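Data first, discussion second: the structure below is written as structure tokens.
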Amino acid sequence: NAGVTQTPKFRILKIGQSMTLQCTQDMNHNYMYWYRQDPGMGLKLIYYSVGAGITDKGEVPNGYNVSRSTTEDFPLRLELAAPSQTSVYFCASRAPGDTGELFFGEGSRLTVL
Amino acid sequence: GDSVTQMEGPVTLSEEAFLTINCTYTATGYPSLFWYVQYPGEGLQLLLKATKADDKGSNKGFEATYRKETTSFHLEKGSVQVSDSAVYFCALSERADSWGKLQFGAGTQVVVTP
């Protein structure tokens, strides 16, 4: 049981480049989330999804896009990367009705230079 | 809006010492409260939770009690081990939020030395 899998684990981008962070979960969870973690700032919610075809903005969505075509996959797209997007990105999922336990991937460390 | 405030780290302790990490929250409704732990190089994992006032969550020797009167959810462990070195996050989820979004505190790094 792999849980939540994120790729890539590390990536360096140049300013203005684009990329997609991949997230896949094998627990058949409807709810999925993307967070970013900045030093001393905790985790901030970027986007979330409550099922295939349904997504919504979180606290810090600017500069990002998501899609949810299947239950398993929830990719995060960065368009026109900026240094402010240097961060560690975590994907998470949970089952509906379960009070709060999120299952996290191992994270993707992105540096924009 | 909702928010979570935790004590700043790093907290450095010797093995077998007592650990307390303070967490207070602001919420409009009746939140559920959580502690997540992040070991080096890993994602976060749930440590314990409490869903209503006076509930005590416990796991792996850690405990936290949901105190509505002081809006607090302090994490404690009586005797820490080197393997407890990690970053600890306090978080809340509003029960009215059916999407289960979590609001996290900034995290507290704990370093336990032999």
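These figures come from a predicted structure and were not determined experimentally.
- Heavy atoms of A:Gln37 lying under 4.5 Å from chain B belong exclusively to its side chain.
- Between B:Phe104 and B:Phe34, the distance separating the two ring centers is not shorter than 6.0 angstrom.
- Looking at B:Gln109, neither its backbone nor its side chain comes within 4.5 Å of chain A, counting heavy atoms on both sides.
- A:Tyr33 has its ring centre no less than 6.0 Å from the ring centre of A:Phe90.
- For B:Glu8, no part sits under 4.5 Å from any heavy atom of chain A, backbone or side chain.
- Stacking of B:Lys101 on the aromatic ring of A:Tyr48 is recorded, both the 6.0 Å distance cut-off and the 45° axial limit being met.
- Counting heavy-atom pairs under 4.5 Å between each of A:Lys9, A:Glu59, A:Met41 and chain B puts A:Met41 at the top.
- Ranking B:Gln45, B:Gln6, B:Gln38 against chain A, the residue ahead of the rest is B:Gln38, based on heavy-atom pairs under 4.5 Å.
- Between A:Asp38 and A:Lys44 there is no salt bridge, since no side-chain N of the basic residue sits under 4.0 Å from a carboxylate O of the acidic one.
- Residue contact with chain B, scored on non-hydrogen atoms closer than 4.5 Å, involves the backbone and the side chain of A:Leu43 alike.
- Using cut-offs of 30° and 60° on the angle between ring planes, the pair B:Phe73 and B:Trp35 is parallel.
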